[in-house]
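All values derive from a computational prediction rather than experimental measurement.
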Amino acid sequence: MTHTIVFDFDGTLALGLGPLKAYARCVAELVETSRRESVEAELDAAILEFERSTDRYRDAYDAVRQASLALGIEDETLSRGYMASREVLATEAAPVKAPAGLREFLESLPCYVTVTMVTNAPDIRITEALIALGVEDLIGARVCSARKPAGIEAVVRDALQHGPVLSVGDIYEFDLAPALELGADAALVGDTSGRYSDRVTMAGATLTDLYPAISAWATSSTALTHVPPGTRTNHERHN
């Protein structure tokens with residue numbers, strides 16, 4: 001029997017404000033020159049607003065999008081800005097960092113655990129980013145431009161034929177809800193971890209918080225989805 005862990009990328013494996021700041025900067029560079037400085041400041045403010053309160057936005061990328069739309073910036077411009085920002089992913093212009101101890105944690109997983117990554121991000125500098133995170137050789141199959149939530153269903157459905165599946169991500173609606181509906185387990189990480197903690201198998205502020213719980217899941221012979229909510233592993237956020 002194979003245990004499969006399906007990781008999201010941005011906000012789960014790749015942390016830091018670098019890619020978000022690059023997104024805001026690249027969008028601002030596409031508006032008229034007289035507005036660029038103010039637009040970038042507004043978008044940076046939206047990112048900080050999300051960090052202070054997670055109730056308004058799905059994630060920080062959504063915060064940038066919503067703030068941009070409010071400024072009259074069209075989706076086509078947003079798409080161009082986002083793609084431009086991915087061209088500098090994992091460079092000094094958009095640095096990324098890994099959750100503490102990520103490589104050591106992945107190396108500690110049993111040999112029967114398959115590690116997969118499914119992301120909505122395009123396949124632009126993903127390999128370079130994983131190298132920067134120190135885990136490029138530890139991530140198996142990778143699905144980019146997945147169009148989650150629908151895009152994760154086929155991966156989870158296939159993996160469930162071989163054993164338990166744990167989907168790990170920072171957006172409940174995209175990364176976790178589809179997996180739960182198919183009978184997989186779910187680990188929610190990031191700023192919204194407290195919002196849906198009663199719906200998932202485990203939740204924590206960062207992936208690092210969940211290493212013990214994921215390790216326990218990996219050595220379990222059965223999935224944990226139907227454990228009563230009161231006994232699930234939920235970690236409070238530590239600032």
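- Hydrophobic clustering of Ile, Leu, Val, Met, Phe, Trp and Tyr side chains at less than 4.5 Å, counting indirect connections, unites Leu160 with Val143.
- The local environment of CD in Glu104 is crowded, with over 12 non-hydrogen atoms from other residues, nucleotides or ligands closer than 6.0 Å.
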Check against side-chain contact (heavy atoms from CB on, under 4.5 Å), Leu207 and Leu102: CA-CA 8 Å; Leu207 187 57; Leu102 178 61; 3.8 Å; yes
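- Residues Ile47 and Tyr23 are members of one and the same hydrophobic cluster, defined by side-chain heavy-atom contacts under 4.5 angstrom among Ile, Leu, Val, Met, Phe, Trp and Tyr.
- Of all non-hydrogen atoms in Leu138 and Leu106, the two that sit nearest each other are CD1-CB, 3.9 Å.
- Put simply, the side chain of Asp209 gets close to the backbone of Thr206: a donor and an acceptor are under 3.5 Å apart.
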Ser68/Val64 under side-chain contact (heavy atoms from CB on, under 4.5 Å): CA gap, chis, key distance, verdict: CA-CA 6 Å; Ser68 297; Val64 173; 4.1 Å; yes
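- Using a 4.5 Å heavy-atom cutoff, the side chains of Leu13 and Val135 are not in contact.
- In terms of hydrophobic clustering, with Ile, Leu, Val, Met, Phe, Trp and Tyr side chains grouped at heavy-atom distances under 4.5 Å, Met202 and Phe7 are assigned to a common cluster.
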Under the side-chain contact (heavy atoms from CB on, under 4.5 Å) rule, what do Asp8 and Ile171 come out as? Steps first, then yes or no, please. CA-CA 9 Å; Asp8 174 49; Ile171 303 180; 5.8 Å; no
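- Both Val156 and Val118 sit in one connected hydrophobic cluster of ILVMFWY residues. Membership requires side-chain heavy atoms under 4.5 Å apart, directly or through other members.
- Contact check for Ile124 versus Glu87: side-chain heavy atoms found under the 4.5 Å cut-off.
- The side-chain heavy atoms of Thr12 and Met117, taken from C-beta on, include no pair separated by under 4.5 Å.
- Taking all atoms of both residues into account, the shortest heavy-atom contact from Ala100 to Tyr211 is O-OH, 2.9 Å.
- In this structure, Val96 and Pro19 approach most closely via the heavy-atom pair CG1-CG, 3.6 Å.
- The line from CZ of Arg147 to CD of Glu153 is 14.5 Å long, rounded to the nearest 0.5 Å.
- Salt bridge status for Arg103 with Asp137: present, with a side-chain N to carboxylate O gap under 4.0 Å.
- Looking at every heavy atom in both residues, Leu71 comes nearest to Arg35 through O-NH2, 3.0 Å.
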Please assess Asp191 against Arg52 for the test salt bridge (charged side-chain N to carboxylate O under 4.0 Å, His left out), listing each intermediate value before the final yes or no. CA-CA 9 Å; Asp191 293 309; Arg52 289 193 295 267; over 6 Å; no
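- Applying the side chain to side chain donor-acceptor pair (under 3.5 Å) test to residues at least two apart or on different chains, the pairs with a partner in residues 164-179 are Lys148-Asp175, Glu173-Tyr196.
- A continuous path of ILVMFWY side-chain contacts below 4.5 Å connects Leu43 to Tyr82, so both sit in one hydrophobic cluster.
- Counting only distance, with no hydrogens or angles, the side chain of His3 and the backbone of Ser220 share a donor-acceptor pair below 3.5 Å.
- Side chains of Arg65 and Tyr57 form no contact here, defined as non-hydrogen atoms less than 4.5 Å apart.
- Annotation: ring pair (Phe, Tyr, Trp, His ring centres under 6.0 Å) contacts of Phe9 (sequence neighbours excluded): none.
- Between Thr4 and Pro164 there is no side-chain heavy-atom pair separated by less than 4.5 Å.
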Derivation of the side-chain contact (heavy atoms from CB on, under 4.5 Å) call for Leu109 and Val115: CA-CA 9 Å; Leu109 293 172; Val115 176; 4.1 Å; yes
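- Other residues, nucleotides and ligands place more than 12 heavy atoms under 6.0 Å from the CD atom of Gln161.
- Side-chain atoms of Tyr112 come within 3.5 Å of backbone N or O of Ala218 as a donor-acceptor pair.
- Among pairs with a residue in residues 113-131, those fulfilling side chain to side chain donor-acceptor pair (under 3.5 Å) read Thr127-Arg142, at least two apart in sequence or across chains.
- Note: Leu15 CG to Asp10 CG = 9.5 Å, rounded to the nearest 0.5 Å.
- Distance alone, capped at 3.5 Å, places no donor-acceptor pair between the Thr77 side chain and the Ile73 backbone.
- Minimum heavy-atom separation, Gly81 to Leu30: N-CD1, 3.5 Å.
- The distance from atom OG of Ser85 to atom CD of Glu29, rounded to the nearest 0.5 Å, is 10.5 Å.
- Using a 4.5 Å heavy-atom threshold, the side chains of Ile5 and Ile214 count as touching.
- To the nearest 0.5 Å, atoms CG (Leu78) and SG (Cys26) are separated by 12.0 Å.
- The two residues Gly11 and Val189 have their closest heavy-atom pair at O-CG2, 4.0 Å.
- The shortest side-chain heavy-atom distance between Cys144 and Pro122 does not fall under the 4.5 Å cut-off.
- Separating the CD atom in Glu42 from the CD atom in Glu37 is a distance of 12.0 Å, to the nearest 0.5 Å.
- Of the inter-residue distances, the one linking Glu136 atom CD with Ile131 atom CD1 reads 5.0 Å to the nearest 0.5 angstrom.
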